[in-house]
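Since we're looking at a predicted model, the values are computed, not measured. Lettering of chains follows the sequences in order, A, B, ..., and the numbering in each one begins at 1.
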Amino acid sequence: MAMTLITTNTSSDAATSDFTTGIDSTYKLYIFKFININPATTGQDFGFQVNVAGESDYDEVITSTSFSAWYGEAGSGPSLAYDTAKDQAQDTGFQDLNSAQSSDADSGMAGTLWLFNPSNTTYVKHFYAVTTSFTLDATPNHNNYYIAGYVNVTGAIDEIQFKYSSGNFDGIISMYGVG
Amino acid sequence: MPLGAHKVALFGVAGVSTGDVVLLSSQTASDSASLDFTSGIDSTYGEYIFRYYNCNPVTDSAQFQVGFNVTGESDYNEVITSAAFTAYNTEGGAGGTTGLAYSGDIDLAQAAGPQPLTAAVGNGGDESCVGELHLFNPASTTYVKHFYFKGTHYQNNNHNQTVLGAGYINVTGAISQVQWKMSTGNFDGTVKLWGVKN
């Protein structure tokens with residue numbers, strides 16, 4: 001099962017990272033890799049939204065779940081818990097993939113998002129993701145998020161946008177096609 | 001599909017690309033203390049994937065571990081902060097024990113590695129652990145090095161345990177060497193290294 005690199009977006013103090021081409025019926029699975037994604041403003045959530053072909057704005061309806069494991073550098077926590085602040089129930093907001101990320105110069109985040117069969121016009125569009133990042137309180141806390149859900153539309157999705165809840169960011173996002 | 005093709009699909013062939021995921025090297029332990037990957041980890045790829053197959057300890061209840069070394073330093077003991085949780089089920093089935101919980105045996109808080117990847121792996125002839133670890137941008141000299149992993153193993157007291165975890169190596173120096181070993185004793189098994197183009 002080969003994984004083909006389609007596009008890489010390198011952001012430098014950018015507001016968003018948009019993938020507006022290359023998402024179609026060529027692949028049944030699209031994988032997005034996040035490398036050293038670092039916000040300009042501390043305490044922001046990194047997330048994504050999608051757009052159905054022919055529509056405008058990244059505001060499709062999503063239902064999802066989210067939980068995280070975290071542990072602090074100073075030993076705070078640890079914890080494994082569902083995060084009701086990061087799930088969605090038929091909401092049109094951006095789907096958060098982490099929480100209150102630090103903007104420390106060496107922090108960054110990494111992770112992977114899997115989006116299944118976005119060009120299908122029969123089914124809703126399922127996704128899941130895993131990310132690793134850290135918040136900055138008195139000392140950093142590591143967060144490992146697991147998110148999954150579906151975009152509750154049957155129209156084909158051909159665009160996806162990544163951004164923080166506020167502010168610009170640096171980082172690399174690569175999009176791959178599989179199968 | 002003939003067996004040969006299945007083997008290629010499952011395990012890859014060294015030096016051969018599977019799309020934009022390239023198998024870089026493969027090492028097999030046979031009563032070995034460690035498997036060390038000391039080359040091939042550099043700025044060529046933004047993500048490196050290790051997969052471990054049937055790693056079986058000589059000593060019962062050993063934890064399978066991974067350690068990292070910064071270029072120019074010695075020992076696989078870089079500082080790590082990480083979190084992990086497990087799901088488990090005993091062979092007793094309905095009468096057995098199940099659970100899903102945070103694992104304080106597999107996390108680290110600013111502790112020198114190695115990073116545990118399992119709980120106590122059984123050393124029976126048919127017992128082992130499998131899984132994969134994703135390491136992001138190890139050659140960066142700006143950021144800490146994030147990783148996540150998932151695996152499943154045959155626990156020493158006859159149950160299945162699945163582990164998911166993630167963390168970061170809290171250094172900004174480039175990581176160029178990775179070591180796999182048990183917490184105690186030697187082991188058998190195979191570890192493969194892949195690079196993901198980006």
Nearest 0.5 Å, please: how far is [atom2] in [Y] from [atom1] in [X]?
X: B:Y102; Y: A:S79; atom1: OH; atom2: OG; answer: 8.5 Å
X: B:Y168; Y: A:N144; atom1: OH; atom2: CG; answer: 12.0 Å
X: A:L80; Y: B:T86; atom1: CG; atom2: OG1; answer: 9.0 Å
X: A:I6; Y: B:D20; atom1: CD1; atom2: CG; answer: 9.5 Å
X: B:Y45; Y: A:I35; atom1: OH; atom2: CD1; answer: 13.0 Å
X: B:K197; Y: A:L5; atom1: NZ; atom2: CG; answer: 8.5 Å

Hydrophobic clusters here meaning ILVMFWY residues chained together by side-chain heavy-atom distances under 4.5 Å, can you tell me if [X] and [Y] are in one?
X: A:Y58; Y: A:F48; result: no
X: B:F187; Y: B:Y154; result: no
X: A:M109; Y: A:I31; result: no
X: A:L97; Y: A:W70; result: no
X: A:V50; Y: A:Y164; result: yes

Picking from [options], which has the most non-hydrogen pairs under 4.5 angstrom with chain B?
options: A:S68, A:S107, A:G72, A:S76; result: A:S107
options: A:A74, A:G111, A:G75; result: A:G111
options: A:N36, A:T8, A:V130; result: A:N36
options: A:N38, A:T7, A:I172; result: A:N38

At a heavy-atom separation under 4.5 Å, does [X] approach chain A through its side chain, its backbone, both, or neither?
X: B:S140; value: side chain
X: B:T142; value: both
X: B:A101; value: backbone

Exercise for the section: From the options B:T81, B:V144, B:N170, B:L108, select the one residue that forms a side-chain contact (heavy atoms from CB on, under 4.5 Å) with A:H142. Expected result: B:T81
Contact check, side chains of [X] and [Y], non-hydrogen atoms, under 4.5 Å:
X: B:Y148; Y: A:Y146; result: no
X: B:F136; Y: A:F34; result: no
X: A:Y176; Y: B:V21; result: no
X: A:T132; Y: B:H146; result: yes

Exercise for the section: For chain A, find which of B:A84, B:S103, B:G165 contributes the most heavy-atom pairs closer than 4.5 angstrom. Expected result: B:G165
Exercise for the section: Counting only heavy atoms closer than 4.5 Å, note whether A:A69 contacts chain B via side chain, backbone, both or neither. Expected result: both
Exercise for the section: Would you mind checking which part of A:Y145 comes under 4.5 Å of any heavy atom in chain B, side chain (CB onward), backbone (N, CA, C, O), both or neither? Expected result: neither
